[in-house]
K.L.:
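The following block contains the structure, expressed as structure tokens.
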Amino acid sequence: MTTKADSLENVVIVGASAAGLSAADGLREGGYDGPIIILGDERHEPYDRPTLSKKLLASQGEPQLHALRTRERLEAADVTLLLGHRAVGLDVDRHYVVTENGDAVPWDAVIVATGSRPRTLVTTEAEPLPVLRTPADLHVLREAAARYGHVTLIGAGLIGLEVAASLSGHQVEVTLINDLDLPLRNVLGAPVAEEVRELHSRHGVDLLLGVSVESVSGGPGSYSVQLSNGSTHRTSFILVGIGVDANDEWLDGSGLALDEGVVVDAAGRANVPGVWAAGDVARLLSHPSLPASTRVEHWTHAIEHGRHVGLNAARGTSVPYAGVPYFWTEQYGRRFHGYGRIRPDDTALFVEGSLGDEEYLVLYGSDDELHAVVSCGCVRSLRGYRKVLERNGSWREALDVARHTNLVGDVALHTN
Amino acid sequence: MSDQVEVLIDTKLCNAYGVCVTIMPDVFDTPAGSPVAVLLRDRVEAHERDDLDEAIRACPAQALATREPPS
């Protein structure tokens, strides 16, 4: 029995999106009933960010953002949400979070959930190029797509490809520039990534793959992109999607261990007592089924890790986090879902359907270990494999699941 | 004295992402072409509550809720 929550009197959560809000829920679920203050930098009420790239781009009219938490629900949980309060410093000796407004917010536990932000590129005129992260970004992109009818995407991660699929379905010409030949290979695995590349190609997306961007000049309406193969690409509008960086600069010099994110143990504790981190910003030193020192930048990770850290903070416990990374994406009407992390040497095994089918399910693993499962349309089958991943189970156990569902007939072996 | 709870989907919020289906495929489904998820049954048992709570948390659209069934 631990009654650590009794000694907590003041918890501050920095960051008002998925991880931070879930941490507040975890604190309450874990029995902490004292004050919770959440500091958010944006002025919007917390909203469902995945919808920006997954749905709103294609919708008509003003974007309708789903609220992550209603005011009523926050009030019922007795959580104080302070929007427009960007944290700029953490004082670990006197236990304050300092905000850009000059406030010093006291804490005896603080949960850092400041998330991540898109990397961008700057033009030769030193102007940062647009990204997609906020409703304002979405507004700019939609206007530009309507005005110019042509958008060039630099980078082909999940968001870039979702945007490409969404725009090309709406009579917008799309060019996609990516330094890798096979976008999303590390997320979907080689065979599925090849099919997704083919889908984009078939829908008319102009793919410039295996080339990198040397420089960009110009501005909206007339950009000139110098490519590593010596050619020049001209376009009216550019959206950059080349990954994200942890929002941890505000902690420089605080005494917290930082390594492209706040370094936390398996329980979510940072190196300074009373300080925790959750979600995108947290670099997990250890995890039962992931490579050491990993950041996970997916929606459900933010939710589950946030809650988990809130529970540990409330109870004074050190329960290790074991949630398996999960993503989903929809492109051209196909829904892809995946659990786990594919590794470079993994073998791919189709246990339902096969490539080219509308629906299929692929396992990835090596050395009798299951590392990941990716579904196209077979979402109902994922649960069993997910359970295997959660207990760090073997390839053999995954095959048992496949046999149990009586779905392994002639299995096709693809090697990455 | 049923330990069941009732599951509710707010179809105005649901985007048919299918996250709930990956967690409870015997409760939720996203039929091809449907703009929203559907319920295969609207009651879950006490031993399924952890999974249901996870599905509720994981829904990006916050479209899921529970209600104690009328006795």
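Proteins come first, then strands; the chains are lettered A, B, ... in the order of their sequence lines, and each starts at number 1.
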K.L.:
Under 6.0 Å from the CD atom of B:Glu6, do we count more than 12 heavy atoms belonging to anything else shown?
P.N.:
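Enclosed: over 12 neighbouring heavy atoms sit under 6.0 Å from CD of B:Glu6.
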
K.L.:
If we check side chain to side chain contact (heavy atoms under 4.5 Å, CB included) with B:Thr22, which of these qualifies: A:Tyr326, A:Trp328, A:Tyr385?
P.N.:
A:Tyr326

K.L.:
What are the two closest heavy atoms between A:Lys387 and B:Asp51, and how far apart are they?
P.N.:
NZ-OD1, 4.2 Å

K.L.:
Taking all non-hydrogen atoms of both residues, which atom of B:Ile23 and which atom of A:Arg386 are closest, and how far apart?
P.N.:
CG1-NH1, 3.4 Å

K.L.:
Among A:Tyr47, A:Trp299, A:Tyr339, single out the residue with the greatest number of heavy-atom pairs under 4.5 Å to chain B.
P.N.:
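Of the options given, most contacts go to A:Trp299.
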
K.L.:
Sort A:Arg73 into side chain, backbone, both or neither according to what part of it lies under 4.5 angstrom from a heavy atom of chain B.
P.N.:
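For A:Arg73, the contact with chain B is made by the side chain alone.
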
K.L.:
Which region of A:Ala67, side chain (C-beta onward) or backbone (N, CA, C, O), has a non-hydrogen atom less than 4.5 Å from a non-hydrogen atom of chain B, or is it both or neither?
P.N.:
backbone

K.L.:
Of all the heavy-atom pairs spanning B:Ala58 and A:Thr300, show the shortest one and how long it is.
P.N.:
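Of all heavy-atom pairs spanning B:Ala58 and A:Thr300, the closest is CB-CG2, 4.1 Å.
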
K.L.:
When heavy-atom pairs shorter than 4.5 Å are enumerated against chain A, which of B:Gly18, B:Ala32, B:Gly33 gives the highest number?
P.N.:
B:Gly18

K.L.:
List the steps, then state whether side-chain contact (heavy atoms from CB on, under 4.5 Å) holds for A:Arg335 with B:Val21.
P.N.:
CA-CA 12 Å; A:Arg335 291 181 183 143; B:Val21 187; over 6 Å; no

K.L.:
Measure distances from B:Ala16 to the heavy atoms of chain A and classify the residue's part below 4.5 Å as side chain, backbone, both or neither.
P.N.:
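Interface part for B:Ala16: both.
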
K.L.:
In terms of heavy-atom proximity below 4.5 Å to chain B, should A:Arg380 be classed as side chain, backbone, both, or neither?
P.N.:
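It is both, since atoms from each part get that close.
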
K.L.:
Tell me, side chain or backbone of A:Glu304 under 4.5 Å from chain B's heavy atoms, or both, or neither?
P.N.:
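Side chain only.
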
K.L.:
Less than 4.0 angstrom from a charged side-chain N to a carboxylate O is my criterion; do B:Arg57 and A:Asp25 meet it?
P.N.:
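Salt bridge absent between B:Arg57 and A:Asp25.
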
K.L.:
State the CG-CD distance between B:Asp53 and A:Glu29, to the nearest 0.5 angstrom.
P.N.:
7.5 Å

K.L.:
Let's go through B:Glu54 and A:Ile303 carefully: what are the C-alpha distance in whole Å and the side-chain angles of both, what is the deciding distance for side-chain contact (heavy atoms from CB on, under 4.5 Å) to 0.1 Å, and is it a yes or a no?
P.N.:
CA-CA 9 Å; B:Glu54 183 181 353; A:Ile303 299 289; over 6 Å; no

K.L.:
Examine whether an atom of B:Asp29 lies under 4.5 Å from a heavy atom of chain A, and if so say whether it belongs to the side chain, the backbone or both; otherwise answer neither.
P.N.:
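Both backbone and side chain.
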
